[in-house]
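Below: one structure, written as structure tokens.
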Amino acid sequence: MDKEAVLTCILKPKGMSTLLGGESPVSVVNNNKYISPLTSEAQATDRYVEDNLPSLDHAIHAALSGETKTVILVGPEGSGKTTALQKLLVDWAKGNHLQNFQYVFHLRFSQLHSLDGMLSLETLLLHHLSLIPPESVPLVLQKPEDVLFVLDDLDQCKHSLDPSSLSSDPGQTASLPCLVASLLHGSLLKGAAFVVATRPATGCLTFLSGSLVEVCGFLKPQREAYFNDFFTDPAAANQALVHMERTLGFYDICTSPRFCWTVCSIYQALMDAGAKLPETLSQLYVEILVHLMRTLSLKEAYNRELVLALGKMASHGSLDQHSSCSKEEMDAFGLRSFLTSASGFLQVDGELSDRWVFSFQSQLMREFLLAVSFFLDKSKSGGVEEMLEKHKGTGAKYLDLFLSGLSEPIQRKPLETMLGELNCDQIKDFKRWFQSSSEITLKGCCKDSHHRCFHLLHQAQNESLVKEIVTPSSRLGMSYGDLSLQDCVALNYVVMCLGEMEQLNLYRTRNLTEEKAERLAPAMCLSHKITLSDSSLSAAAVQQLASSLCRGITITKELNLSQTHLGDEKLKILCTGLRDCKLHKLTLVVCRLTEAGCEDLVSVLTSGTSRLHLLDLRSNEIGDHGLTKLCKALHSPHCKLQELQLQSCDLTSASMGALSAALCSGQSQLKKVNLTGNTIDDSGVEHLCKSLQHPLCKLQSLNFFDNGLTGACCPHLMKALMSDNCHLSELDLSVNDLGQEGALLLCQALNRPGCPIENLGLTRCELTQSVFKQLGSVLKGGTSQLKSLIVGINKVGDQGVKYLWDAVAHPSCLLEELDVEMTGLTDSCVEDLCAAIRASRTLKSLELRNNSLTDASVPALVEVMQDSPNMLEMNLKYNDFGEEVFDMLDECEKIRY
């Protein structure tokens, strides 16, 4: 095969570069402008890594140098597949790559629509793929392993590549699709290699097997190189690129080299004219259409007629899923007299004029023309809802966005200078539809529908419209996790228009990248609470979050990063922003933090500018050394911490001395400490009880839930509660084996006049009837401040709990909440229970779960709840009720069962 002849044929100019079609592949290769598109593997790579990104060229060469015989390139229109194949052919012809192949044949389906008849493989090779002398054909057939077929536009093959009917004789005539299917499935030229390019979601993919390479086009480094090559002035290149990244860079279409060509061409024309660059996709396509119309120099009426005809073609292609149209169909759309003028919009394929086929150069332009023609056509009878419903499921991704943009006068004004005024009735109909559908959407819980509404608002660029549609009652508190970059931009735009947001809920954001966090940064600054729990954040995204928190305008008071597996290194980055922000509450539950992370938290708490009041470190292995470090911060006059959640943090009694010393330092503002799930033992309680007696200790709430305590700690607790310096109003000792003796000592302290305890938790503490009797005496004594008593999972039965019913009925009892879950109650207690509720002036909530109450108790319980206005809730779950009483229980909304 004569490589020089092949090279000359490949590089021969074919057609002109067009605004929508992009620069021709031949021109790109000839002028050394080629930048290899990237494969989908690059999308998982950090966007600032510019070297050794997985390029398409490398993927093809690597696949063909191994055992692979078929490489399938799959990518959307304009992603650079055709140009990459052109470069592949040039490199082979120049002897640079793939020299293990003696014969390379290039086949483009978009240019072979005229081959409707029957032909043999030999005829195809000689007359249609050319550049091979007749004497070489036997060599090709004898040594197929030396042959490479490059098949482009396979998605435009109009027939199935089903292997059910194949040809095996190179001399036998068959249809072109049959020949291609026979080659790909190996019944013809078995052993030959193939590089096949196609768009996604096409039927041919069903029958192809081989190495699949997803083409994603240009990422940021490639775009930067492309813009620098397009613009001769580096400043202009930078201005254009920065603008595109800000206004369009979140769309997938920006990875398309062809789209980059379009953007650069329009930007250059606008910059040369000193005009403002477009702010939205709709504005960009308004400028494109205006530019194309100006090049045609038609009168307004003809411009209008052309656009309406193109709109009909666009609608036909969208509804019938046709990518191309025949000349007869073009006549039916009213394009007969516009075939020359329409060349800027359309691609024409085919060698013979009577067999030409026409297709849109750009799917986006097809959708834009569909939107424009809808607003332009005054004969339209159907409304926007009907039109959108018709095109639903046709792949028209941007149609409603273009309608939204065009509905705004400022955005459509340049277009109306070329086409005349659009149909105001259709525009009003769109606005009515948008208003009503948005109200329904924002009342619902489908986040994808919310996102679409925000995209439409972003495209409209109308701040007053945002405030009109996104009312305070809209579900902006719902989770918007797993946002795309495009979603981030739209949501951020909405929040910016609103001015502030109660909660930016990004729960379960699987991959918050730097780019996404950067786009959301203004919205973060305007959100009182940011929720990123159960999310995955890159280090660079954490840096963006940190920067947002310390900006002057930020109003964020709460940040929830629970279950983000943040780790000490990312926490260090976050703390750079926490040192100088308005944050009051920081939740870091299950964030894989250790002792090392506590050092950075100390620097925040002692910064002098931090306003952190609550720090939640639950389920992090900070250990005793970590807590000891945190206690150093409590000695600082700058530390404003009032609440410390330390559940399941691997703490022991070894760090309780440091905590106790901090509480007594006179600087600590701590009022609440939760030590649930740590093994601090009785000796740890002893340390803390000393601080409770200190006049400088401000602690009001202490939680010892499941701390491995015994009755031995109770003398220390009693002494602390008897102290006039003790301010403790909440004490939880649940799930500890305090036993009768220990609990009775606590009751003595509770009897002391002035004992501050209001909420007491004693769930599963091995309490006895004697303890319940003493608790009843405390509640009736007239000195107790107890409002909440939780004594569930202590098996004292009806007799033990009767002491509490009697106390609840007593006029001196202040109890508002009583929890006697799983205490062994039966129907026998119901009379005393109901009498207590009727007599109490304060009781609001009663927890009766997991007892042995039966259907017989239900009428009395329902009646007493209905007759007692003070009672707000009774929980009867997991008792021995049958379905027969469910209707009766339903009569009282205050009962849960």
Side-chain angles (χ1 to χ4, degrees), residues 705-706 732-740 743 759-776 778-780 786-810 813 815-840 842-868 870-897:
F705 189 103
D706 191 18
D732 195 344
L733 294 162
S734 298
V735 194
N736 290 290
D737 295 335
L738 303 183
Q740 178 171 294
N759 302 319
L760 180 62
L762 294 169
T763 301
R764 214 221 72 184
C765 283
E766 305 296 328
L767 306 184
T768 62
Q769 289 189 12
S770 296
V771 175
F772 272 64
K773 181 179 180 182
Q774 197 60 41
L775 285 170
V778 169
L779 292 168
K780 292 187 294 184
L786 273 175
K787 295 179 180 178
S788 173
L789 180 61
I790 302 174
V791 288
I793 321 182
N794 289 290
K795 294 287 185 180
V796 295
D798 292 331
Q799 186 56 45
V801 179
K802 187 179 188 306
Y803 295 115
L804 299 184
W805 301 140
D806 292 343
V808 169
H810 196 278
C813 180
L815 214 57
E816 296 177 3
E817 177 187 9
L818 178 61
D819 183 339
V820 286
E821 176 189 1
M822 204 185 292
T823 50
L825 298 178
T826 68
D827 293 337
S828 300
C829 78
V830 172
E831 185 177 346
D832 293 325
L833 185 163
C834 292
I837 291 175
R838 286 194 169 92
S840 174
T842 58
L843 195 65
K844 298 176 181 177
S845 174
L846 185 57
E847 182 66 68
L848 295 167
R849 281 183 305 172
N850 290 299
N851 283 293
S852 300
L853 302 175
T854 69
D855 295 356
S857 304
V858 171
L861 293 173
V862 170
E863 182 182 353
V864 75
M865 287 298 289
Q866 289 175 331
D867 294 344
S868 305
N870 289 339
M871 282 295 293
L872 302 178
E873 182 178 61
M874 178 186 285
N875 193 338
L876 292 170
K877 286 185 176 182
Y878 314 122
N879 278 278
D880 296 332
F881 301 137
E883 293 184 10
E884 295 80 8
V885 298
F886 287 174
D887 287 342
M888 191 184 303
L889 288 166
D890 282 336
E891 292 175 9
C892 184
E893 293 180 353
K894 296 189 287 185
I895 293 179
R896 290 193 291 150
Y897 67 93

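Not measured: the values here are computed from a predicted model.
- Remark: the backbone N or O of Thr823 is paired with a side-chain donor or acceptor of Asn851 at under 3.5 angstrom.
- Side-chain rings of Phe881 and Tyr897 stay apart, their centers remaining 6.0 Å or farther from each other.
- Distance check: Ser770 OG to Leu775 CG gives 11.0 Å after rounding to the nearest 0.5 Å.
- Among Glu817, Lys844, Glu816, the single residue meeting the side-chain hydrogen bond (donor to acceptor under 3.5 Å, both in side chains) criterion with Ser788 is Glu817.
- Under the 3.5 Å distance criterion, the side-chain polar atoms of Thr842 are matched with a main-chain donor or acceptor of Leu815.
- In this structure, the side chain of Asn794 engages the main chain of Leu762 through a donor-acceptor pair within 3.5 Å.
- With a 6.0 Å radius and a threshold of 12 heavy atoms from other residues, nucleotides or ligands, Lys780 has its NZ atom above the threshold.
- For residues 874-886, the side-chain hydrogen bond (donor to acceptor under 3.5 Å, both in side chains) pairs, not counting sequence neighbours, are Glu847-Asn875.
- Side-chain contact between Thr826 and Leu853: absent, with no pair of heavy atoms (C-beta onward) separated by less than 4.5 Å.
- For the pair Gln769 (side chain) and Val796 (backbone), a donor-acceptor distance under 3.5 Å is present.
- Partner of Leu789 under the side chain to side chain contact (heavy atoms under 4.5 Å, CB included) criterion, out of Val808, Asp819, Leu779: Leu779 alone.
- Using a 4.5 Å cut-off on side-chain heavy atoms (C-beta onward), Leu833 and Leu861 make contact.
- In this structure, the side chains of Asp832 and Tyr803 stay at 4.5 Å or more apart for every pair of heavy atoms.
- Atom NZ of Lys787 sits about 12.0 Å away from atom SG of Cys813, to the nearest 0.5 Å.
- A salt bridge links Arg896 with Glu873: at least one charged nitrogen is closer than 4.0 Å to a carboxylate oxygen.
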| task | Determine, step by step, whether Leu825 and Val820 satisfy the side chain to side chain contact (heavy atoms under 4.5 Å, CB included) criterion, reporting the C-alpha distance in whole Å, the side-chain angles of both residues, the deciding distance to 0.1 Å, and the verdict. | result | CA-CA 9 Å; Leu825 298 178; Val820 286; 3.9 Å; yes
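- With Ser868 contributing its side chain and Met871 its backbone, the two residues share no donor-acceptor pair below 3.5 Å.
- Asp867 contributes atom CG, which lies 10.5 Å from atom CD1 of Ile837 (distance to the nearest 0.5 angstrom).
- For the pair Lys894 (side chain) and Met865 (backbone), a donor-acceptor distance under 3.5 Å is present.
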| task | For Leu848 and Met874, run side chain to side chain contact (heavy atoms under 4.5 Å, CB included): C-alpha distance rounded to whole Å, both residues' side-chain angles, the deciding distance at 0.1 Å, then the answer. | result | CA-CA 7 Å; Leu848 295 167; Met874 178 186 285; 4.0 Å; yes
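- Checked by atom type and distance alone, the side chain of Asp827 pairs as donor or acceptor with a backbone atom of Thr854 at under 3.5 Å.
- Residue pairs satisfying the salt bridge (charged side-chain N to carboxylate O under 4.0 Å, His left out) criterion with at least one member in residues 795-810, sequence neighbours excluded, are listed as follows: Lys802-Asp806.
- Side-chain atoms of Phe772 and Leu804, non-hydrogen and from C-beta on, do get closer than 4.5 Å to each other.
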| Derivation and outcome, side chain to side chain contact (heavy atoms under 4.5 Å, CB included), residues Leu889 and Leu876 | CA-CA 10 Å; Leu889 288 166; Leu876 292 170; 4.1 Å; yes
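- The two residues Ser734 and Thr763 come nearest to each other via the heavy atoms OG-N, 3.0 Å.
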| task | Show your reasoning for whether side chain to side chain contact (heavy atoms under 4.5 Å, CB included) applies to Asp737 and Arg764. | result | CA-CA 8 Å; Asp737 295 335; Arg764 214 221 72 184; 3.2 Å; yes
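- Note that CG of Leu733 is 11.5 Å distant from CD1 of Ile790, once rounded to the nearest 0.5 Å.
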